[in-house]
Amino acid sequence: MPYRPTHRQLEYFVAVAERGHFAEAASACSVSQPTLSTQLRLLEQQLGADLIERGGGRARPTPVGLKLLPLARTVLSALDDMVGLAATGADNLGGLVRLGVAPTFGPYFMPRFLPRLHAMFPALEVYIREDRPSALEEGVGNGLIDCAITPLPNLPDAFASAAICEETIYLGIPVEHPLAQSRSVTIDMLRGSRLLTLGRGHRLYEQVQTLSDASGAKLSEDYEGTSLDALRQMVSIGMGLSLFPAAYAASEISTDGSIRLCEIERWPIRREICLVWRKGSSREQHFRTLAGCAVEAISEMRVEGVSRAEN
């Protein structure tokens with residue numbers, strides 16, 4: 001049988017890599033430093049590669065260590081999944097869910113979703129991490145979070161997903177802009193206009209970039225918004241045009257008289273929101289139950305431009 005690292009060895013390796021110090025890692029793992037050091041050295045010897053650079057008062061992953069670190073986290077996360085599934089059973093979705101949420105959707109959806117989820121599974125603990133979709137996908141991939149509610153990305157084979165809803169993306173135009181007086185806006189009418197966008201790592205950045213390329217509009221290169229609120233404020237004072245998802249628009253722009261929202265004629269912009277997790281996870285049924293609960297929460301939102309998925 002081929003050699004397999006023990007879960008303790010992987011735990012010690014991840015702890016040292018994350019903390020950068022053997023003593024701190026040993027304390028976090030509740031073992032003595034000599035025990036941790038011995039097991040980590042044994043792991044390196046059996047793998048035939050150094051995983052941690054030693055010296056200078058700090059401990060850093062080697063290039064090989066950096067490659068193996070996400071795999072070690074994934075293995076440990078899978079073991080945690082197994083323990084949680086066995087200990088609490090399917091009736092409580094494993095007892096704990098580390099859930100990532102995209103900031104362009106979560107604030108307008110979670111107030112509907114979390115109360116419903118809590119009513120169904122009152123003992124379930126939900127730890128929420130809000131971040132850009134690209135960071136959430138990385139977190140799911142390396143085991144830092146269990147699953148994420150995010151705009152559907154181009155998923156690699158390592159991921160699985162369940163659709164939650166489809167959301168319309170509107171074009172936001174300052175009311176003093178000439179286009180705001182038009183009954184309808186076509187893509188050709190955007191040529192030469194300035195488009196503002198969120199930073200890289202957001203799906204909206206990619207959609208604004210696509211719109212810019214197709215229309216001949218100018219994508220602002222000197223500033224990328226950090227939030228939808230920042231974009232809204234800039235659009236409201238005439239700095240440019242931007243895209244806004246329907247749920248955000250209903251909450252924050254519907255009563256804002258300084259911005260006109262419209263769809264681009266014959267150029268509809270939509271995004272699919274889904275729950276994403278690692279393919280092959282022992283908790284797949286948990287995540288599908290979460291997705292089903294999320295679909296029901298969408299029905300309660302009753303937001304124009306947001307339609308629940310029909311799975």
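Between the side chains of Y12 and Q39, no donor N or O sits under 3.5 Å from an acceptor N or O. Checked by atom type, the side-chain pair T104/R271 shows a donor-acceptor distance below 3.5 Å. Checking S242 against R232 by side-chain atom types alone, no donor-acceptor pair falls below 3.5 Å. Using modelled atom types and a 3.5 Å distance limit, the side chains of R191 and S215 yield no donor-acceptor pair.
The distance from atom CG of D146 to atom CH2 of W277, rounded to the nearest 0.5 Å, is 12.5 Å. To the nearest 0.5 Å, atom CD of residue E284 and atom OG1 of residue T289 are 10.5 Å apart. In this structure, S27 OG and R19 CZ are separated by 8.5 Å, a value rounded to the nearest 0.5 Å. Between the CG atom of L117 and the CG atom of L93 there is a distance of 6.5 Å, given to the nearest 0.5 Å. The CG atom of D256 sits 9.5 Å away from the CD atom of Q233 when rounded to the nearest 0.5 Å. Between atom OG of residue S251 and atom CZ of residue F109 there is a gap of 14.5 Å, rounded to the nearest 0.5 Å.
Residue G106 comes nearest to P111 through the heavy atom pair O-CD, 4.0 Å, listed as atom of the first residue, atom of the second, then distance. When every heavy atom of L124 is checked against every heavy atom of L96, the shortest pair comes out as CD1-N, 3.6 Å. In this structure, M110 and P115 approach most closely via the heavy-atom pair O-CD, 3.8 Å. Scanning both residues, A247 and V306, for their nearest heavy atoms gives N-CG2, 4.0 Å. V185 and C262 get closest at one heavy-atom pair: CG2-SG, 3.8 Å. Across S281 and F287, no two heavy atoms sit closer than the pair OG-CE1, 3.6 Å.
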Margin query: For E252 and I259: C-alpha separation, side-chain torsions, deciding distance, then whether side-chain contact (heavy atoms from CB on, under 4.5 Å) applies.
Written below: CA-CA 11 Å; E252 307 297 336; I259 298 176; over 6 Å; no
Next item on the list: Go through the steps for K218 and S193 under the test side-chain contact (heavy atoms from CB on, under 4.5 Å), then give the verdict.
Entry: CA-CA 6 Å; K218 300 175 183 177; S193 295; over 6 Å; no
Item checked: Test log, rule side-chain contact (heavy atoms from CB on, under 4.5 Å), inputs M301 and I298 -> CA-CA 5 Å; M301 289 178 64; I298 290 294; 3.7 Å; yes
Next item on the list: Apply side-chain contact (heavy atoms from CB on, under 4.5 Å) to V97 and C147, showing your working.
Entry: CA-CA 8 Å; V97 173; C147 55; 3.9 Å; yes
Next item on the list: Could you check T35 against S32 for side-chain hydrogen bond (donor to acceptor under 3.5 Å, both in side chains), going step by step and ending with a plain yes or no?
Entry: CA-CA 5 Å; T35 296; S32 67; 2.8 Å; yes
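Ion pair E11/R73 not flagged as a salt bridge, since none of the NZ, NE, NH1 or NH2 atoms sits closer than 4.0 Å to an Asp/Glu carboxylate oxygen. Ionic pairing of E272 and R270 is not present here: no N-O contact between side-chain nitrogen and carboxylate oxygen is shorter than 4.0 angstrom. Salt bridge annotation for E300-R116: present, with a cationic side-chain nitrogen under 4.0 angstrom from a carboxylate oxygen. With salt bridges taken as basic N to acidic carboxylate O contacts below 4.0 Å, none links R266 and D188.
Counting only heavy atoms from C-beta outward, the side chains of L290 and F113 approach each other to under 4.5 Å. Side-chain atoms of L228 and L198, non-hydrogen and from C-beta on, do get closer than 4.5 Å to each other. Annotation: side chain of C293 is in contact with side chain of M120 (closest heavy-atom distance under 4.5 Å). Annotation: side chain of L152 is in contact with side chain of S161 (closest heavy-atom distance under 4.5 Å). Using a 4.5 Å heavy-atom threshold, the side chains of E166 and R308 count as separate. L204 places a side-chain heavy atom less than 4.5 Å from the side chain of I169. Using a 4.5 Å heavy-atom cutoff, the side chains of V235 and I173 are not in contact. For the pair L211/I187, a side-chain contact is recorded, criterion being any heavy-atom separation below 4.5 Å from C-beta on.
Looking at R260, its side chain does come within 3.5 Å of a backbone N or O of L179 through a donor-acceptor pair. Using a distance-only test at 3.5 Å, with no hydrogens or angles considered, no donor-acceptor pair links the side chain of R60 to the main chain of R54. No donor-acceptor pair under 3.5 Å is formed between the side chain of E137 and the backbone N or O of V276. Side-chain atoms of E44 never come within 3.5 Å of backbone atoms of A49 as a donor-acceptor pair (strictly under, hydrogens ignored). With S37 contributing its side chain and P34 its backbone, the two residues share no donor-acceptor pair below 3.5 Å. One N or O on the side chain of S212 and one on the backbone of A217 form a donor-acceptor pair closer than 3.5 Å. Between the side chain of E24 and the backbone N or O of H21 there is no donor-acceptor pair closer than 3.5 Å. Here the side chain of T62 pairs a donor or acceptor atom with the backbone of D50 at under 3.5 angstrom. For the pair D131 (side chain) and L136 (backbone), a donor-acceptor distance under 3.5 Å is absent.
Residues V175 and I237 fall into different hydrophobic clusters, defined by Ile, Leu, Val, Met, Phe, Trp and Tyr side chains chained together at heavy-atom separations under 4.5 Å. In this structure, L71 is a member of the same hydrophobic cluster as L43, with clusters built from ILVMFWY side-chain heavy atoms closer than 4.5 Å. Using a 4.5 Å cut-off between side-chain heavy atoms of Ile, Leu, Val, Met, Phe, Trp and Tyr, with links allowed through other members, I128 and F105 fall into the same hydrophobic cluster. When the side chains of ILVMFWY residues are joined at heavy-atom separations under 4.5 Å, either directly or via intervening members, L66 and F22 end up in two distinct hydrophobic clusters. L144 and L10 are members of different hydrophobic clusters when ILVMFWY side chains are connected at heavy-atom separations under 4.5 Å.
Here R278 pairs with D81 under the salt bridge (Lys or Arg N to Asp or Glu O under 4.0 Å) rule; sequence neighbours left out. Residues passing the salt bridge (Lys or Arg N to Asp or Glu O under 4.0 Å) test with R200 are E224, sequence neighbours excluded.
Pairs of residues two or more places apart, or lying in two chains, that qualify as side chain to side chain donor-acceptor pair (under 3.5 Å) and include a residue from residues 177-186 are S184-E265.
Around atom CD of E130, more than 12 heavy atoms belonging to other residues, nucleotides or ligands sit under 6.0 Å away.
No option in Q209, R203, H202 other than R203 meets the side chain to side chain donor-acceptor pair (under 3.5 Å) test with E206.
Between Y248 and Y108, the angle of the ring planes goes over 60°, which puts this pair in the perpendicular group of the 30/60° scheme.
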